[in-house]
J.: 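The structure's right below; bear with me while I get my questions together.
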There are 2 protein chains.
Amino acid sequence: MPRPTTPLLSQAGIRASALEIIDREGLDGLSMRKLAAALGVSAPALYFHYPTKEHLLDDVASEIMEKVDVTAFTHGWREGLLTWARSYRAALAEHPNIVPFLARGPGQRDASLRRADAIHGGLVAAGWPPREATMIGASTKYLVLGAAMGSFSRGFVDDVQVYLDRYPSLADAHRLREHADAVDRDSFEFALLMFVDGLAARLGRPPESGGASGPAPRRG
Amino acid sequence: MPRPTTPLLSQAGIRASALEIIDREGLDGLSMRKLAAALGVSAPALYFHYPTKEHLLDDVASEIMEKVDVTAFTHGWREGLLTWARSYRAALAEHPNIVPFLARGPGQRDASLRRADAIHGGLVAAGWPPREATMIGASTKYLVLGAAMGSFSRGFVDDVQVYLDRYPSLADAHRLREHADAVDRDSFEFALLMFVDGLAARLGRPPESGGASGPAPRRG
DNA sequence: TGGTCCAACTAACGGTGTTAAGTTAGCATG
DNA sequence: CATGCTAACTTAACACCGTTAGTTGGACCA
């Protein structure tokens with residue numbers, strides 16, 4: 001059966017099905033043949049709509065990133081930063097299995113550039129010098145990606161020991177795992193607040209030599 | 001030619017060659033056949049020394065992690081944390097291509113547990129309550145991994161715009177890429193210092209309700 | 001000297017992403 | 001209305017992947 005009366009595939013449909021498989025079976029669980037089967041189609045058919053698996057994954061990732069909120073800088077840099085970071089993390093938390101793919105580097109130039117611009121612009125507008133705005137943006141990204149990677153990415157608790165102080169009564173591992181997510185969420189929030197506190201302190205402090213270098217911003 | 005007079009392979013040799021390929025051609029550039037060829041041997045021969053590619057990579061990653069310094073907590077939590085974070089990042093920076101593999105989760109339980117224990121113990125000994133020590137450890141790891149992921153992990157500058165403020169004279173991309181590493185290094189250092197500053201401030205502050213929750217530590 | 005085991009070999013299996021070539025529905029044009 | 005072009009699928013096949021099975025022959029021990 002060649003060309004069907006009504007098209008069987010669409011980019012959106014392919015993306016949705018791919019993400020479903022990734023969510024269910026992990027990043028390695030997605031193969032072009034399996035994806036095609038899920039869509040009731042043969043594998044090469046996909047290549048009519050996406051030139052490559054990489055492109056498809058880029059698109060899936062971009063779709064996820066659409067939910068990141070970079071608009072709150074109108075309420076001040078602190079609010080803007082917190083909103084951005086939290087929504088960023090939340091977006092990744094919804095689809096943890098895609099995080100390892102993000103480690104390969106960003107594909108979609110356009111959208112990510114637009115976001116970066118909004119963030120940078122927001123920080124500069126709030127009084128941070130451009131150079132520091134750059135570093136703040138990068139730092140926050142590090143935190144989100146690192147948290148996503150460290151916590152979601154794959155199955156087991158790594159630092160078992162580390163959690164024991166918090167739940168000393170739990171010796172059974174599955175309960176421990178169950179709470180590990182909460183620990184990660186708390187740790188991320190903790191890191192974010194400490195970082196922002198550090199920033200706030202820097203705002204009210206004259207530039208030190210030997211610090212992270214560069215002038216401190218005027219109070220915004 | 002079966003069993004040679006002197007063994008052609010050793011775990012250390014395999015690891016070294018694997019890491020060389022990864023450094024040169026990226027994580028995807030490493031295949032068992034290619035690795036075997038580089039060692040002058042057929043692919044299945046490797047399976048006599050390593051049960052699986054995953055195990056091999058785990059071992060390679062562990063070797064890299066050996067260089068991380070978690071001993072400086074004897075000079076105070078600040079010094080310990082900074083030394084740990086910087087040596088961690090430096091270790092990853094030497095072999096950026098392996099970072100995506102780390103996103104799959106830690107393999108070697110043993111060594112990583114020992115490290116986690118040293119860090120947690122160091123923080124607690126310095127006066128941080130266990131729960132906060134956990135979060136500090138996790139946070140720092142986030143920062144390092146996120147920085148490693150965001151910056152090294154493959155090929156092009158993502159947020160071109162973001163760097164322009166710093167090097168406004170550079171319109172050519174390769175020069176820009178060249179300096180991106182410096183920006184990343186600076187951003188990491190910046191993030192680390194802001195975070196530690198935030199921590200220090202917390203040490204001198206009474207516990208707030210509505211903060212990251214949990215009691216603040218006594219002054220150590 | 002004979003037996004066992006080690007450390008390599010070749011062949012092959014099932015899977016991967018992707019390309020090539022074939023087939024026909026739908027559409028535009030003479 | 002017939003013709004030709006392109007779109008959207010098909011099946012076959014390629015080169016590669018990680019890994020397993022089965023074979024071979026040198027090294028070591030009784």
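Chain naming here is simple, since letters A, B, ... match the order of the sequence lines and numbering starts at 1 in each.
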J.: Look at the side chain of T52(A) and decide which nucleotide, out of dC9(D), dC9(C), dT18(C), has an atom nearest to it.
T.: dT18(C)
J.: Would you mind reading off the distance between H49(A) atom NE2 and dT6(D) atom C1', rounded to a whole angstrom?
T.: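 My rounded result for the distance is 14 Å.
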J.: Rounded to the Å, how far apart are Y47(A) OH and dA13(D) C1'?
T.: 14 Å
J.: Rounded to whole Å, how long is the line connecting atom NE2 of H55(B) with atom C1' of dT19(D)?
T.: 14 Å
J.: Quick one: M32(A) CE to dG17(C) P, roughly how many Å, whole number?
T.: 7 Å
J.: In whole Å, I'd like the distance from the CG atom of L39(A) to the P atom of dT10(D).
T.: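 The answer, rounded to whole Å, is 11 Å.
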J.: Heavy atoms only, 4.0 Å cut-off, all strands: where does L30(B) land among base, sugar-phosphate and nothing?
T.: sugar-phosphate
J.: Output the single nucleotide from dA8(D), dA8(C), dT18(C) whose closest atom is nearest the side chain of F48(A).
T.: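 Nucleotide nearest to F48(A)'s side chain: dA8(D).
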J.: Is the closest basic N to carboxylate O distance between R89(B) and D184(B) below 4.0 Å?
T.: no
J.: Of all the heavy-atom pairs spanning I136(B) and L123(B), show the shortest one and how long it is.
T.: CG2-CD1, 3.8 Å
J.: State plainly whether the residues D58(B) and K53(B) are in salt-bridge range, i.e. N to O under 4.0 Å.
T.: no
J.: Measure CG/L35(A) against P/dG17(C) and give the value in whole Å, please.
T.: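 The answer, rounded to whole Å, is 9 Å.
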J.: Write down the distance between CG (L46(A)) and P (dT19(C)), rounded to a whole number of angstrom.
T.: 13 Å
J.: Just call it for S42(A): base, sugar-phosphate, or nothing, with non-hydrogen atoms closer than 4.0 Å on any strand.
T.: base
J.: Do NZ/NE/NH1/NH2 and the carboxylate oxygens of D69(A) and R86(A) come within less than 4.0 Å?
T.: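 Salt bridge flag = no for R86(A) with D69(A).
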J.: Do you know the tightest heavy-atom contact between F73(B) and A118(B)?
T.: CD1-O, 4.4 Å
J.: Which is true for A45(A) with a 4.0 Å heavy-atom rule: it touches a base, it touches only sugar-phosphate, or it touches nothing?
T.: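 Answer is base: heavy atoms of A45(A) come under 4.0 Å of a base.
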J.: Using atom OH of Y50(A) as one end and atom C1' of dA7(D) as the other, report the distance to the nearest whole Å.
T.: 18 Å
J.: Is a donor-acceptor contact shorter than 3.5 angstrom present between the side chain of R33(A) and the base of dG15(C)?
T.: no
J.: With nearest nucleotide decided by heavy atoms, which residue, P51(A) or K34(A), maps closer to the 5′ end of DNA chain C?
T.: K34(A)
